[in-house]
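Below you'll find the structure, written out as structure tokens, and then a few comments.
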Amino acid sequence: MTDILIDGLAPIEADLHYLALVNYGAYTSFRVEDGGVRGLALHLARLEASSVELFGAAVGQGRLRDLLRTALGDRREAWVRISLFSPDIWPRMPSETGAPKVMTSVSPPPPPLADSLRLQVQTYGREEPHIKHTASMGLIRARRSARTDGFDDALFADPDGVISEGSSWNIGFVTGDTVVWPQAPMLAGVAQALIAQGLSGVGLDQRAAPVPVAELSAFDAAFICNSATPACPVTAIAEAAFYPRPDLIARIRAAWAVNTVEPI
């Protein structure tokens, strides 16, 4: 069951009508663990930046935290999505500026995406990739198409074959003791940032570089990460196969876990 509030109150019909008709907004989602959130400050900072870019005004991190506490009540384990929208912005009247409304949805924590993934490379790039926005039709279609073709999910590359991100996650590649993050237009994922902060503590280096599909054979392993799945091994990308590395995945998960939960 999912509980939804808008600005801390039960949704009104006008807001639900708007949300059903207009797909303009930003969001972030994360797991609440023991009453806290790993990387909460990063989630809220990204959401605030998106609010300014899309609506011309910030919500305020203090208000976001207040609304999050209201939405959670006494729940200490949950999955939360915080979405921003403005019922004053319509396709024919898109110019209104001002702090958006805040929708919170709270549900039970989901399981990780998978134990391992086989990825289909698709030529695709999200619109405004630096924003975690609500325009998700292309992402769902990409994952749907990949599964129809016998893969688990879709990995995106530009027309020159340079890899960026996946349908709802970031990807990392490993060569020796170095994690290579793709250098391309993409969403700066919070799980990716948390892993990056902890890699030196587990004996792994890191760098960012363009990753062409044609050069995947240069890597020893690959993994995906998002807030629901701290690290999941990739066993194949198109025709390139990667051997399972449970020890490596355990180190990457440990790098993520070194970031303690932040109080709300």
Side-chain angles (χ1 to χ4, degrees), residues 25-31 38-39 42-43 45-47 49-50 53-54 81 110 112-114 116-147 149 151-175 178-197 199 206-216 218-219 221-238 240 242 249 252-253 255-256:
Y27 76 98
T28 194
S29 54
F30 46 79
R31 181 169 183 157
R38 297 179 201 268
L42 296 175
H43 281 285
R46 185 178 65 188
L47 198 59
S50 297
E53 184 166 350
L54 293 179
R81 172 171 166 148
L113 283 176
S116 63
L117 290 170
R118 296 176 62 254
L119 304 178
Q120 181 185 56
V121 177
Q122 297 184 13
T123 302
Y124 182 79
R126 291 191 310 112
E127 184 177 0
E128 303 295 339
H130 63 290
I131 300 176
K132 193 174 180 73
H133 51 68
T134 56
S136 58
M137 183 270 192
L139 307 182
I140 295 171
R141 187 172 186 272
R143 179 177 278 168
R144 182 179 173 91
S145 175
R147 292 187 176 183
D149 291 342
F151 294 86
D152 298 309
D153 213 328
L155 175 64
F156 303 144
D158 68 14
D160 294 323
V162 178
I163 290 169
S164 57
E165 60 187 343
S167 63
S168 62
W169 35 262
N170 292 105
I171 190 166
F173 298 90
V174 183
T175 176
T178 301
V179 172
V180 179
W181 302 107
Q183 193 174 61
M186 70 179 77
L187 181 71
V190 171
Q192 179 185 14
L194 295 178
I195 290 170
Q197 290 175 179
L199 282 177
Q206 61 183 314
R207 59 185 173 88
V211 179
V213 174
E215 297 179 13
L216 288 176
F219 297 102
F223 65 94
I224 68 101
C225 57
N226 66 12
S227 290
T229 311
C232 175
V234 173
T235 57
I237 300 175
F242 300 97
I249 296 300
I252 294 169
R253 287 176 179 161
W256 170 84

### Task
Please name the pair of heavy atoms, one in Ala231 and one in Ile252, separated by the smallest distance, quoted to 0.1 Å.
CB-CG2, 3.7 Å
### Query
Taking only residues at least two apart or on different chains, which pairs with a member in residues 152-169 satisfy salt bridge (Lys or Arg N to Asp or Glu O under 4.0 Å)?
Arg126-Glu165, Arg143-Asp153
#### Entry: Chi angles and distances behind the side chain to side chain contact (heavy atoms under 4.5 Å, CB included) call for Trp169, Leu113
CA-CA 10 Å; Trp169 35 262; Leu113 283 176; 3.6 Å; yes
### Query
Counting N and O atoms only, with roles assigned by atom type, does the side chain of Ser50 sit under 3.5 Å from a partner on the main chain of Arg46, one being a donor and the other an acceptor?
yes
### Residues which pass ring-ring contact (aromatic ring centres under 6.0 Å, His included) with Tyr27, listed by chain and number, not counting sequence neighbours
none
### Summary
Leu139 and Ser167 have their tightest heavy-atom pair at CD1-O, 3.3 Å
### Query
Under 4.5 Å between any side-chain heavy atoms of Ser116 and Pro233, yes or no?
yes
### Query
Sequence neighbours excluded, which residues qualify as side-chain contact (heavy atoms from CB on, under 4.5 Å) partners of Ala236?
Arg118
### Query
Sequence neighbours excluded, which residues qualify as ring-ring contact (aromatic ring centres under 6.0 Å, His included) partners of Phe219?
Phe173
### Message
Using the rule given for side chain to side chain donor-acceptor pair (under 3.5 Å), can you reason through His130 versus Glu53, listing the C-alpha separation, both sets of side-chain angles and the distance that settles it, and then say yes or no?
### Response
CA-CA 11 Å; His130 63 290; Glu53 184 166 350; 3.0 Å; yes
### Message
Testing the basics here: between Tyr124 and Gly138, what is the closest heavy-atom pair and its distance to 0.1 Å?
### Response
OH-CA, 3.3 Å
Show me, pair by pair, the donor-acceptor contacts under 3.5 angstrom made by side chains of residues 184-196, not counting sequence neighbours?
residue, atom, partner, partner atom, Å
Gln192, OE1, Asn170, ND2, 3.2

### Message
So Val174 and Val180, do their side chains get closer than 4.5 Å, heavy atoms only?
### Response
no
### Close side-chain approach of Ile237 and Val121, heavy atoms under 4.5 Å
yes
### Query
Sequence neighbours excluded, which residues qualify as side-chain contact (heavy atoms from CB on, under 4.5 Å) partners of Ser145?
Gln120, Gln122, Asp149
### Message
I need the minimum non-hydrogen distance between Cys232 and Leu117, along with the two atoms involved.
### Response
SG-CG, 4.0 Å
### Task
Apply ring-ring contact (aromatic ring centres under 6.0 Å, His included) to Trp181 and list each qualifying residue two or more places apart in sequence or on a separate chain.
Phe223
## Note on the structure
Applying side chain to side chain donor-acceptor pair (under 3.5 Å) to Ser227 and not counting sequence neighbours gives none
#### Entry: Heavy-atom pair with the smallest gap, counting every atom of Ser164 and Ile171
O-CG2, 4.2 Å
### Query
Looking at residues at least two apart in the chain, or sitting in another chain, which of them share a side chain to side chain donor-acceptor pair (under 3.5 Å) with Arg253?
none
### Message
Using the side chain to side chain donor-acceptor pair (under 3.5 Å) criterion, which residues pair with Gln197? Sequence neighbours excluded.
### Response
Asn259
### Message
Restricting to side-chain contact (heavy atoms from CB on, under 4.5 Å), what partner residues turn up for Pro212, sequence neighbours left out?
### Response
Glu215
### Query
Out of curiosity, Thr235 OG1 to Leu119 CG, how far, rounded to the nearest 0.5 Å?
7.5 Å
### Message
Run Asn226 and Ser168 through side chain to side chain contact (heavy atoms under 4.5 Å, CB included) and show every step you take.
### Response
CA-CA 7 Å; Asn226 66 12; Ser168 62; 4.0 Å; yes
### Query
Taking side chain as C-beta onward, heavy atoms only, is Leu216 less than 4.5 Å from Ile163?
yes
### Message
Using the side-chain contact (heavy atoms from CB on, under 4.5 Å) criterion, which residues pair with Ala214? Sequence neighbours excluded.
### Response
none
### Summary
Taking every heavy atom of His43 against every heavy atom of Ser29, the minimum-distance pair comes out as CE1-O, 3.3 Å
### Query
Can Thr28 and Arg81 be counted as having a side-chain donor-acceptor contact under 3.5 angstrom?
no
